[in-house]
S.K.: 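This is the structure I have questions about; it appears just below.
Letters A, B, ... mirror the listed sequences (proteins, then strands); counts begin at 1.
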Amino acid sequence: MSGETKTIRTTYREAVRMGLCEALRRDGRVFLMGEDVGRYGGCYAASKGMLEEFGPERVRDTPLSELAFTGVGIGAAMGGMRPIVEIMTVNFSLLAIDQIVNNAATILHMSGGLFNVPLVIRMATGAGRQLAAQHAHSLEGWYAHIPGIRVLVPATCEDARGMLRTALEDPDPVLIFENQTLYPMEGELRADAEAVDIDHARVMRAGEDVSIITYGASLYKALATAETLAADGIGAEVLDLRTLRPLDDTAIMASVAKTHRAVIVDEGWRSGGISAEISARITEQAFYELDAPVARVCSAEVPMPYARHLEEAALPRLETIVATVKGMVHPHG
Amino acid sequence: MSGETKTIRTTYREAVRMGLCEALRRDGRVFLMGEDVGRYGGCYAASKGMLEEFGPERVRDTPLSELAFTGVGIGAAMGGMRPIVEIMTVNFSLLAIDQIVNNAATILHMSGGLFNVPLVIRMATGAGRQLAAQHAHSLEGWYAHIPGIRVLVPATCEDARGMLRTALEDPDPVLIFENQTLYPMEGELRADAEAVDIDHARVMRAGEDVSIITYGASLYKALATAETLAADGIGAEVLDLRTLRPLDDTAIMASVAKTHRAVIVDEGWRSGGISAEISARITEQAFYELDAPVARVCSAEVPMPYARHLEEAALPRLETIVATVKGMVHPHG
Amino acid sequence: MTNKQVRPAIDRDHELGLLRQMLLIRRFEEKCAELYSVTKIRGFLHLYIGEEAVSVGVMGSVAPDDGVVSTYREHGHALARGIAPGAVMAEMYGRHEGCCRGRGGSMHIFDAATRFYGGNAIVGGGIPLAAGLALADRMQGRQRLTWCFFGDGAVAEGVFHESMNIASLWRLPVVFVCENNLYAMGTAIRYAQAVTDLASKGAGYAVASEAVDGMDVLAVEAAARRATEQVRGGNGPYFLECRTYRFRAHSMFDTEQYRTKDEVEEWRKRDPITFLTSRLKEHEALDDAGLASLEGSVAEEVAAAVAFAEGGSWEPVEELTRFVCSDRSNG
Amino acid sequence: MTNKQVRPAIDRDHELGLLRQMLLIRRFEEKCAELYSVTKIRGFLHLYIGEEAVSVGVMGSVAPDDGVVSTYREHGHALARGIAPGAVMAEMYGRHEGCCRGRGGSMHIFDAATRFYGGNAIVGGGIPLAAGLALADRMQGRQRLTWCFFGDGAVAEGVFHESMNIASLWRLPVVFVCENNLYAMGTAIRYAQAVTDLASKGAGYAVASEAVDGMDVLAVEAAARRATEQVRGGNGPYFLECRTYRFRAHSMFDTEQYRTKDEVEEWRKRDPITFLTSRLKEHEALDDAGLASLEGSVAEEVAAAVAFAEGGSWEPVEELTRFVCSDRSNG
Ligand SMILES: Cc1ncc(C[n+]2csc(CCOP(=O)(O)OP(=O)(O)O)c2C)c(N)n1
Ligand SMILES: Cc1ncc(C[n+]2csc(CCOP(=O)(O)OP(=O)(O)O)c2C)c(N)n1
Ligand SMILES: [Mg+2]
Ligand SMILES: [Mg+2]
């Protein structure tokens with residue numbers, strides 16, 4: 001191989017698919033299980049063609065039984081397999097949450113370390129497609145409350161592919177949340193993919209005046225905000241958290257120590273969301289660095305309405321982020 | 001009736017029972033439904049004797065089907081009844097959470113205001129009885145993330161009785177969390193009970209130097225802490241939140257404006273708990289009042305272990321609260 | 001399938017009424033598909049085309065004060081129940097004039113006057129609600145029924161099992177109507193159910209059950225009447241499996257890789273509308289002119305619904321957080 | 001109940017072994033109750049007394065490499081499976097030497113050597129785990145089985161239904177052992193199940209099923225053997241309902257208002273230990289001296305377990321947050 005890294009242009013959806021295919025090729029213990037992952041090709045087409053390559057045992061369509069098939073995944077993981085359970089969307093994961101919280105997250109501890117659960121659960125998350133209140137939850141930050149699980153939120157094509165691999169190497173349960181608006185997004189990817197680090201947040205754009213801390217689909221709003229702010233001479237640093245549990249405190253505090261101001265952007269409901277946790281940690285760990293109170297831009301606290309204008313009003317908007325930053329920063333020059 | 005208010009001495013358990021009995025006597029539409037509420041008398045004996053008084057239609061034992069009977073409660077509420085659904089403990093509510101989050105909390109909104117859900121769901125919560133990881137969750141703060149429901153956390157006998165009544169008058173779903181360690185607690189109660197206000201937090205002890213913000217069983221740890229601190233000349237104000245959704249921001253900020261320091265105590269896991277939300281709000285609404293960063297004392301982020309010494313180590317402890325306060329306050333005199 | 005009866009003598013007006021209702025659903029939904037492609041309707045859109053005989057056949061037995069609980073594939077139920085097509089269409093446009101003020105969309109049609117309790121986008125999510133509505137009726141001594149629609153896919157959900165057991169145990173007046181269209185999204189029933197004869201599942205809960213040809217509106221009607229008699233008699237719930245087929249994709253995103261064109265064509269031969277039309281023609285109760293005039297009146301009704309939706313307004317953004325809690329004056 | 005066979009000829013050593021196992025469970029748990037009253041054991045304690053024939057009868061068919069999934073009422077399963085009584089007792093003391101280092105307690109006994117996957121305190125929570133373990137075996141081409149214990153109460157949970165369907169659909173090698181002791185806490189089965197003949201529920205999932213007298217260890221043994229043959233043959237799961245009774249309260253907090261003393265007394269007459277003892281005596285395979293010596297050896301074993309627990313140490317508090325994630329060197 002040549003020394004230079006070849007990159008390919010692809011979509012987030014295809015990156016997920018590549019990650020899945022590579023995982024099944026690499027390790028005979030890995031299999032994909034969930035509703036419509038096989039014959040339908042995945043409700044977001046993320047497993048298209050996989051049934052043909054890997055067969056119905058390893059690309060396993062399940063009945064509509066979220067609670068049981070999640071539990072089956074836990075059992076199979078304890079039995080030596082490396083299951084990837086796909087719960088179609090986070091909305092339906094509420095039916096399976098007992099198995100996630102009461103079994104997957106606790107068995108290692110309850111058994112005093114005897115049995116670990118090397119299970120990966122993937123699900124689509126997020127709003128923005130006018131799917132209304134029961135199909136628009138953003139609960140990844142909520143899941144991050146639970147000790148015993150790791151919560152990943154890939155925002156880029158590289159992470160969509162690579163995090164799956166890293167997650168499969170984890171001896172403990174990992175939840176991966178894919179924001180459904182990202183699937184069609186295009187991006188660059190190294191051709192020779194490797195496992196990506198999942199322990200660290202990443203500075204996606206450097207800046208001096210304010211830290212915009214975010215993850216998932218909101219990353220792109222944050223980057224657009226930074227662009228807009230740059231025109232006004234405000235340097236915004238944009239941090240992609242990448243992992244919501246455990247949070248990368250070091251990266252967060254490093255950025256805040258540099259900019260002295262922080263805005264957290266997430267699509268979950270404001271009260272008790274991941275933004276609250278980040279705000280609380282900044283207060284605890286970097287209070288005396290702050291030149292202004294930490295601010296949050298989150299979704300309105302309302303079940304997501306169907307109508308487009310109402311949904312847009314409910315979600316964090318670029319203008320709101322810009323206004324929030326401007327409210328706390330005095331522009332240079 | 002005479003002008004003076006007669007009070008009676010009772011237990012929290014008995015206060016809950018009185019509240020239930022009064023509710024069923026007062027309104028023919030009210031009924032109690034859940035596992036073992038009838039013939040067993042309630043797993044915490046909170047409905048003892050009610051089957052005899054009200055019969056099996058109104059004190060209705062259910063099969064072990066948390067998801068369905070919670071949904072049945074929602075349907076019955078829409079059908080004109082005023083059900084009180086008892087989910088034995090918060091731990092099992094994870095099986096019913098889909099109905100709570102996707103139906104109870106959304107139907108009013110999705111239907112554009114056509115159908116409201118006047119449902120009360122009660123459950124026991126909390127650790128401290130060596131019941132291990134699957135029976136020791138404190139998830140009331142987690143539930144407070146969900147718009148469309150109200151979350152009550154009665155800490156006193158008066159609230160244990162009175163909040164139920166207020167909750168039944170609410171046209172929308174209300175969750176009541178009773179900390180299981182409180183049932184045997186003794187306390188005073190007005191004989192002529194009325195609905196209690198549920199919109200406001202309550203200052204349980206006034207102080208000048210620090211605000212200890214808490215709820216539920218932790219209230220008593222906070223009061224004991226305040227006692228200990230008083231001996232060292234530190235005046236701690238203790239605020240019982242009483243309602244976790246919506247939070248009483250006014251009361252919180254009023255206390256912080258007075259003391260300029262806040263410690264939040266709750267038994268949930270630290271990351272993403274209700275304490276994080278309160279900390280974030282104080283930052284947002286009272287940042288310039290603060291003389292020290294807001295602090296949290298929560299449970300260790302671990303599935304609750306069985307062994308007594310480990311469980312005690314995992315829960316917020318009086319000494320930790322005291323040390324936290326002392327770390328932020330310079331004592332008078 | 002049980003209880004398939006001798007075909008009854010023709011009842012012209014009644015059957016023409018059934019035909020009109022089925023046609024209304026069909027044409028209404030064809031229009032929806034069109035409107036979706038020009039993004040007037042957005043979100044998810046699940047068409048009922050092919051299954052019209054089920055809702056139309058069942059609704060004849062649904063009394064004015066009975067309750068109905070539905071799914072995300074509910075336009076057929078809503079229209080057959082008598083909700084104004086304009087209100088339904090306006091809802092799909094996201095209009096203030098929609099039956100849920102644009103907050104619900106296609107998957108969440110609600111209506112108070114006809115006691116239509118949604119439109120539920122969680123598979124199986126409505127099943128216990130129906131049992132609860134029935135419990136409320138029973139406890140308040142009312143004689144009305146609750147009708148609960150769900151698909152074959154929902155039968156795999158735990159909540160189906162829990163709710164059937166509770167409804168039977170407490171003898172609740174619910175009719176469970178399972179629309180078995182052989183697929184849950186892209187998963188054929190043989191990959192989802194160890195026992196594909198769904199009606200047989202009633203036995204595990206002591207619930208009287210039958211399966212009926214869901215492409216034959218008259219057979220469905222007769223079965224719904226039997227269900228009504230059973231349930232109104234206080235004998236507890238009834239489980240009615242209607243064997244049907246959806247002619248269109250699961251939703252507008254579905255590429256239908258999981259079934260063959262041939263299979264779809266075979267089922268199209270059993271189109272419930274063609275079926276009833278032929279019968280009426282055979283009995284000389286309908287001629288081409290009559291059909292054309294029926295189609296004309298349906299087309300007008302659909303056009304009026306679209307016009308109503310087009311002419312609607314948007315809910316003010318200031319009202320975004322309304323209906324999270326009840327307006328307290330309503331309390 | 002099906003398949004009740006002609007009583008087999010006596011097999012002295014084997015049956016004495018069964019008796020000893022049942023006695024061990026009985027005496028071990030009587031000791032637990034004592035220790036609970038002096039707060040050596042804390043939390044919840046659910047006794048299996050009266051139901052010993054089920055675990056002992058079933059475990060004879062459980063091969064060394066088979067897996068077992070249990071409930072919070074699992075001391076009987078754990079001991080019959082061969083987990084050291086000392087490790088179980090130390091766990092209930094909360095000791096470092098307990099099989100889960102004191103983190104699990106009475107409701108969460110785990111053991112790697114015997115593939116004992118807990119101890120689950122969520123009713124029905126272990127059922128899909130068993131299906132998953134079986135799936136892993138099937139996918140890896142191993143011949144072993146998974147045995148899944150749960151109560152009559154768990155049959156009402158949705159997860160039972162979902163798991164039975166999946167196990168049957170995928171022909172998973174699981175034996176579902178339902179311990180029907182007629183009560184879920186204080187709720188008699190007639191208030192919880194529309195159909196109280198639980199074995200009949202297998203039909204809804206095409207799962208071979210039978211009910212057996214759970215007070216007769218030999219009948220349970222024979223039934224477990226039939227289950228093994230069926231499942232090892234690759235025919236998918238088996239559902240075995242064992243009809244039994246718990247002689248003691250549900251837990252240490254239960255005042256038993258929901259059943260009569262007479263009912264309990266009636267069932268005590270069918271005590272599985274008395275039953276087998278009588279049979280052995282009738283066949284002159286056991287006399288009073290033999291019984292006394294058996295009791296003596298059991299008493300010693302229990303005493304040794306208590307001594308082991310008493311002599312144990314406490315897990316250091318510094319280790320509190322260990323086992324939230326795996327020690328990465330294990331990864
Ligand atoms: C709990 C849940 N899981 C998954 C989905 C995604 N989903 C929507 S419709 C559907 C298929 C349902 O099939 P069926 O019950 O047969 O109804 P049909 O669509 O055929 O009318 C699925 C899997 C969902 N909405 N809810
Ligand atoms: C999901 C859930 N709901 C409720 C409980 C409380 N609970 C513990 S044991 C029990 C009764 C279970 O009865 P059954 O399954 O028959 O088992 P048994 O105790 O009779 O062995 C109940 C209601 C629980 N642990 N889990
Ligand atoms: Mg279907
Ligand atoms: Mg039982």
Side-chain angles (χ1 to χ4, degrees), chain B residues 34-45 47-49 51-52 56 60-69 71 88-89 91-96 98-99 127-137 180 183 269 299-315, chain D residues 39 41-44 72 91-96 98 100-108 119-125 151-160 183-189 191-194 250-251 253-259 314-324:
Chain B
E35 290 161 12
D36 291 307
V37 296
R39 293 162 189 94
Y40 191 92
C43 76
Y44 297 97
S47 50
K48 212 175 154 84
L51 177 71
E52 291 68 26
R60 189 173 281 270
D61 282 324
T62 65
L64 271 87
S65 304
E66 287 82 1
L67 184 59
F69 73 68
M88 207 178 260
T89 75
N91 311 287
F92 319 140
S93 77
L94 297 179
L95 288 163
D98 165 65
Q99 285 292 330
R129 295 178 61 215
Q130 287 190 251
L131 302 181
Q134 294 180 330
H135 273 60
H137 294 307
Q180 50 171 339
Y183 289 115
W269 292 305
S299 280
E301 307 219 26
V302 52
M304 199 55 74
Y306 162 72
R308 186 179 196 166
H309 65 298
L310 295 178
E311 184 177 47
E312 279 172 0
L315 290 169
Chain D
T39 71
I41 297 176
R42 303 179 63 106
F44 281 154
Y72 47 86
E91 185 59 32
M92 287 194 263
Y93 268 67
R95 295 293 195 188
H96 169 80
C100 304
R101 308 172 71 123
R103 283 179 165 77
S106 161
M107 302 200 288
H108 304 294
N120 203 303
I122 302 298
V123 170
D152 49 291
V155 171
E157 293 282 1
V159 78
F160 164 80
Y183 289 89
M185 231 170 117
T187 301
I189 189 166
Y191 300 122
Q193 291 289 339
H250 167 73
S251 73
F253 297 102
D254 173 6
T255 53
E256 290 184 77
Q257 303 299 306
Y258 51 83
R259 61 182 188 182
W314 301 119
E315 186 90 339
V317 171
E318 299 67 47
E319 300 250 302
L320 171 65
T321 57
R322 201 171 155 203
F323 309 125
V324 178

S.K.: Look at B:R129, B:H135, B:E35 and state which one has the largest set of heavy-atom pairs under 4.5 Å with chain D.
M.R.: B:H135
S.K.: Can you name the closest pair of heavy atoms from B:H309 and D:E315 and give their distance?
M.R.: NE2-O, 2.8 Å
S.K.: Checking D:M107 against chain B: side chain, backbone, both or neither under 4.5 Å from a heavy atom?
M.R.: side chain
S.K.: Please find the pair of heavy atoms, one from B:T62 and one from D:T187, that lie closest to each other, and give the distance.
M.R.: O-CG2, 4.5 Å
S.K.: Just how far is it from atom OH of B:Y40 to atom CZ of D:F253, taken to the nearest 0.5 Å?
M.R.: 9.0 Å
S.K.: Tell me, with the steps shown, if D:Y191 and B:R39 meet side chain to side chain contact (heavy atoms under 4.5 Å, CB included).
M.R.: CA-CA 10 Å; D:Y191 300 122; B:R39 293 162 189 94; 3.1 Å; yes
S.K.: Might you point out which heavy atoms bring B:L310 and D:P316 nearest each other, and give the distance in Å?
M.R.: CD2-O, 4.1 Å
S.K.: Quick one: pull up OG1 in B:T89 and CD1 in D:I122 and give me the separation to the nearest 0.5 Å.
M.R.: 7.0 Å
S.K.: Search all heavy atoms of B:Y306 against all heavy atoms of D:E91 and return the closest pair with its distance.
M.R.: CE2-O, 3.4 Å
S.K.: Go through D:A188, D:G186, D:C100, D:G153 and name the one with the most non-hydrogen pairs under 4.5 angstrom from chain B.
M.R.: D:G186
S.K.: Does the side chain of B:Q134 reach to within under 4.5 Å of the side chain of D:N120, using non-hydrogen atoms?
M.R.: yes
S.K.: With sequence neighbours left out, what residues match D:R42 under salt bridge (Lys or Arg N to Asp or Glu O under 4.0 Å)?
M.R.: none
S.K.: With only heavy atoms counted, which part of B:L95 is less than 4.5 Å from chain D, the side chain, the backbone, both or neither?
M.R.: side chain
S.K.: Below 4.5 Å from any heavy atom of chain B, which atoms of D:Y93 appear? Answer side chain, backbone, both or neither.
M.R.: backbone
S.K.: Using non-hydrogen atoms only, which part of B:A314 is less than 4.5 Å away from chain D: side chain, backbone, both, or neither?
M.R.: both
S.K.: State, to 0.1 Å, how close D:H108 and B:A132 come at their nearest heavy-atom pair, and which atoms those are.
M.R.: CD2-CB, 3.7 Å
S.K.: Got a second to check how far D:Q257's CD is from B:K48's NZ, nearest 0.5 Å?
M.R.: 5.0 Å
S.K.: Which atom pair, heavy atoms only, marks the closest approach of B:E66 to D:E157?
M.R.: OE1-OE2, 2.7 Å
S.K.: Which region of B:L67, side chain (C-beta onward) or backbone (N, CA, C, O), has a non-hydrogen atom less than 4.5 Å from a non-hydrogen atom of chain D, or is it both or neither?
M.R.: neither
S.K.: Excluding sequence neighbours, so at least two apart, what forms salt bridge (Lys or Arg N to Asp or Glu O under 4.0 Å) with D:R95?
M.R.: none
